[in-house]
Amino acid sequence: MPIERVDARSDEAFMEWFGVLQRSELQRDGGRGGGWQPDEWRARALDEDAPNVKHLFSLREEGVVVAVAGLEISRDDNLHSLHGDLFVEPTLTGRGFGSTLLTFVEEYGRSLGRTELLFFVIEGADEIGSAPNRFFAPRRGYELTDEMARRDLPWPQPSAALDALVEQWSEPAASYELHRWIRSTPEPLAAALADLMSRMGVEANHADVLVEEELWSVERLRTHEQTVYDMGRDLLVVAATHRDTGELAGYTELTVSRDDPSTAYQWDTLVARSHRGHRLGGLMKAVNLQEFARAGYDTWRITTFNSTRNQPMIDVNEALGATLAGSMAMWRKDLTAL
Ligand SMILES: CC(C)(COP(=O)(O)OP(=O)(O)OC[C@H]1O[C@@H](n2cnc3c(N)ncnc32)[C@H](O)[C@@H]1OP(=O)(O)O)[C@@H](O)C(=O)NCCC(=O)NCCS
């Protein structure tokens with residue numbers, strides 16, 4: 001069965017690849033849209049020199065693409081590791097296509113000298129803990145290293161409730177000043193934000209896997225902002241600085257597709273360890289939601305993922321009104337094991 005690397009510059013090859021991913025997502029979410037948009041994948045597959053580039057692969061059977069995969073390849077850090085995605089055409093599961101393509105991408109990862117492959121697999125609300133990945137991944141040598149809960153916040157929210165939370169959380173956070181922007185980080189905060197982003201992987205409360213600091217520079221931050229924009233997304237950020245020292249204490253990111261704003265996503269939220277305990281996480285998120293409301297996107301839900309071990313962030317999301325809507329399983333395989 002031929003497996004090919006997909007040239008994301010070709011409309012036809014890319015859309016054939018994306019179609020399988022999209023139909024798999026639609027099936028998972030009971031036919032409701034709001035998943036990945038084509039440009040979001042494409043933008044990240046086009047720039048070979050980016051700090052993270054996606055290589056896309058298709059498996060064909062009798063000329064038709066039946067399974068697709070993506071590998072995210074880091075350039076500067078976490079060089080032991082790779083992030084993968086794998087989707088089989090929903091009507092064609094159980095025929096070995098998933099296994100064949102998985103074996104191929106594992107070998108591809110080994111050929112790049114990587115020793116670990118990670119998959120983050122999203123599950124719909126009706127299949128938490130019982131989606132195909134739960135059977136498939138362990139039989140292919142993967143171990144479950146963490147589980148994230150997905151919560152959805154119905155949108156819009158009554159502004160009075162949001163205002164009350166901001167007021168409540170502002171008091172313990174009185175020694176911090178908040179900054180907010182869309183798309184482009186103000187220059188005076190850029191270096192400190194890049195530094196904090198470097199620590200996101202190691203300081204966030206999540207999985208028990210080896211994560212090295214990512215190497216974020218102002219240049220990489222600007223590339224990230226541009227990539228998100230090229231993905232067709234707006235990025236709303238709120239950050240907090242400590243009034244006495246001027247230190248950047250934390251940030252939170254919310255993103256929404258300009259083409260299909262129906263579902264917005266909460267991305268990273270981090271409060272540096274030395275600044276925890278002042279309700280900053282909740283406050284920054286609530287203020288970002290106020291900004292989001294003001295911007296007036298045609299959104300009906302905001303989705304967020306938290307490690308099931310990250311109780312402080314779960315408490316914040318529930319206080320904001322988000323409820324359980326699915327999960328994400330994080331699988332890991334040691335590529336050096338026989
Ligand atoms: C998981 C997925 C990739 C499997 O693809 P597939 O082509 O059906 O996989 P294969 O036919 O190669 O292998 C299926 C294996 O998983 C098992 N399996 C898959 N779905 C199962 C289910 N619902 N119940 C029980 N076993 C299941 C099969 O028994 C088989 O194991 P075996 O060969 O040892 O008997 C596919 O269902 C999919 O695209 N799911 C959505 C995205 C996803 O979960 N990606 C997984 C990333 S790890």
Side-chain angles (χ1 to χ4, degrees), residues 1-4 6 15-38 40-41 44-45 54-73 81-110 114-150 206-207 209 263 303 305 307 325-335 337-338:
M1 275 182 277
I3 296 175
E4 70 217 36
V6 175
M15 285 315 290
E16 233 184 334
W17 181 95
F18 187 75
V20 175
L21 179 154
Q22 197 168 42
R23 286 187 290 278
S24 179
E25 283 200 315
L26 273 174
Q27 196 213 31
R28 176 191 71 209
D29 294 335
R32 295 200 297 176
W36 289 107
Q37 297 298 302
E40 301 183 287
W41 275 86
R44 290 179 296 168
K54 295 227 185 236
H55 288 189
L56 313 181
F57 305 93
S58 291
L59 167 65
R60 275 181 201 277
E61 169 83 347
E62 293 173 4
V64 177
V65 174
V66 293
V68 300
L71 279 181
E72 182 170 309
I73 298 161
S81 190
L82 285 172
H83 284 220
D85 284 281
L86 175 68
F87 297 93
V88 173
E89 181 69 46
T91 52
L92 298 174
T93 55
R95 301 178 191 203
F97 297 146
S99 302
T100 302
L101 190 52
L102 183 63
T103 305
F104 176 88
V105 294
E106 287 172 355
E107 201 42 51
Y108 192 87
R110 282 189 199 99
R114 307 286 166 129
T115 57
E116 161 188 279
L117 183 52
L118 299 169
F119 283 91
F120 293 68
V121 187
I122 297 177
E123 297 176 324
D126 308 336
E127 53 171 24
I128 299 176
S130 63
N133 74 90
R134 303 278 175 163
F135 306 94
F136 175 80
R139 294 172 82 126
R140 298 289 169 268
Y142 286 76
E143 52 170 336
L144 188 65
T145 59
D146 198 6
E147 286 192 72
M148 316 277 263
R150 166 182 169 165
H206 64 63
V209 287
T263 303
T303 288
F305 289 94
S307 167
S327 63
M328 179 156 71
M330 186 171 159
W331 297 99
R332 176 186 181 277
K333 182 169 184 171
D334 178 355
L335 293 180
L338 289 175

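As the structure lists them, so they are numbered: ligands from 1, and atoms in each ligand from 1. In what follows, residues are counted from 1 in the order of the sequence shown.
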Pull out every atom of ligand 1 sitting under 4.0 Å from any heavy atom of [X], numbered as shown with elements.
X      : answer
Asn133 : 44 (O)
Ser24  : 41 (C)
Arg140 : 13 (O), 15 (C), 31 (O), 32 (P), 33 (O), 34 (O)
Phe87  : 39 (O), 42 (C)
Phe97  : 7 (O), 12 (O)
Thr93  : 8 (O), 37 (O)
Ser99  : 10 (P), 12 (O), 13 (O)
Arg95  : 11 (O)

Atom [atom1] in [X], atom [atom2] in [Y]: separation rounded to 0.5 Å?
X      : Y      : atom1 : atom2 : value
Glu72  : Arg44  : CD    : CZ    : 6.5 Å
Leu92  : Ser24  : CG    : OG    : 11.5 Å
Trp331 : Leu144 : CH2   : CG    : 4.5 Å

Heavy atom of the protein closest to [atom] (residue, atom name, distance):
atom                    : value
atom 6 (P) of ligand 1  : Gly94 N, 3.7 Å
atom 47 (C) of ligand 1 : Val121 CG2, 3.6 Å
atom 37 (O) of ligand 1 : Pro132 CB, 3.4 Å
atom 26 (N) of ligand 1 : Phe135 CB, 3.3 Å
atom 11 (O) of ligand 1 : Gly96 N, 2.7 Å
atom 39 (O) of ligand 1 : Val88 N, 2.8 Å
atom 42 (C) of ligand 1 : Leu86 O, 3.4 Å
atom 7 (O) of ligand 1  : Gly98 N, 2.8 Å

From atom 4 (C) of ligand 1, work out which of Trp331, Phe136, Phe120 has a heavy atom at the shortest distance.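 That would be Phe136.
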
Any chance the side chains of Glu116 and Ser81 put a donor and an acceptor closer than 3.5 Å?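 There is such a pair between these side chains.
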
For [Y], is there any backbone N or O sitting under 3.5 Å from a side-chain donor or acceptor partner on [X]?
X      : Y      : answer
Trp36  : Gln22  : no
Ser327 : Glu123 : no
Thr103 : Ser99  : yes

Hey, would you say the Phe305 and Phe120 ring centroids sit under 6.0 Å apart?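 For Phe305 and Phe120, the ring centres are not under 6.0 Å apart.
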
Flag the pair Arg28 and Glu127 as a salt bridge only when some basic side-chain nitrogen lies within less than 4.0 angstrom of an acidic carboxylate oxygen.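 No, Arg28 and Glu127 are not salt-bridged.
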
Would you mind checking if Arg95 and Glu89 are paired as a salt bridge, meaning a charged N to carboxylate O distance below 4.0 Å?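 Here Glu89 does not pair with Arg95 in a salt bridge, since their nearest N and O are not under 4.0 Å apart.
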
Do the side chains of Leu59 and Phe104 get nearer than 4.5 Å, heavy atoms only?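 Phe104 vs Leu59: side chains apart.
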
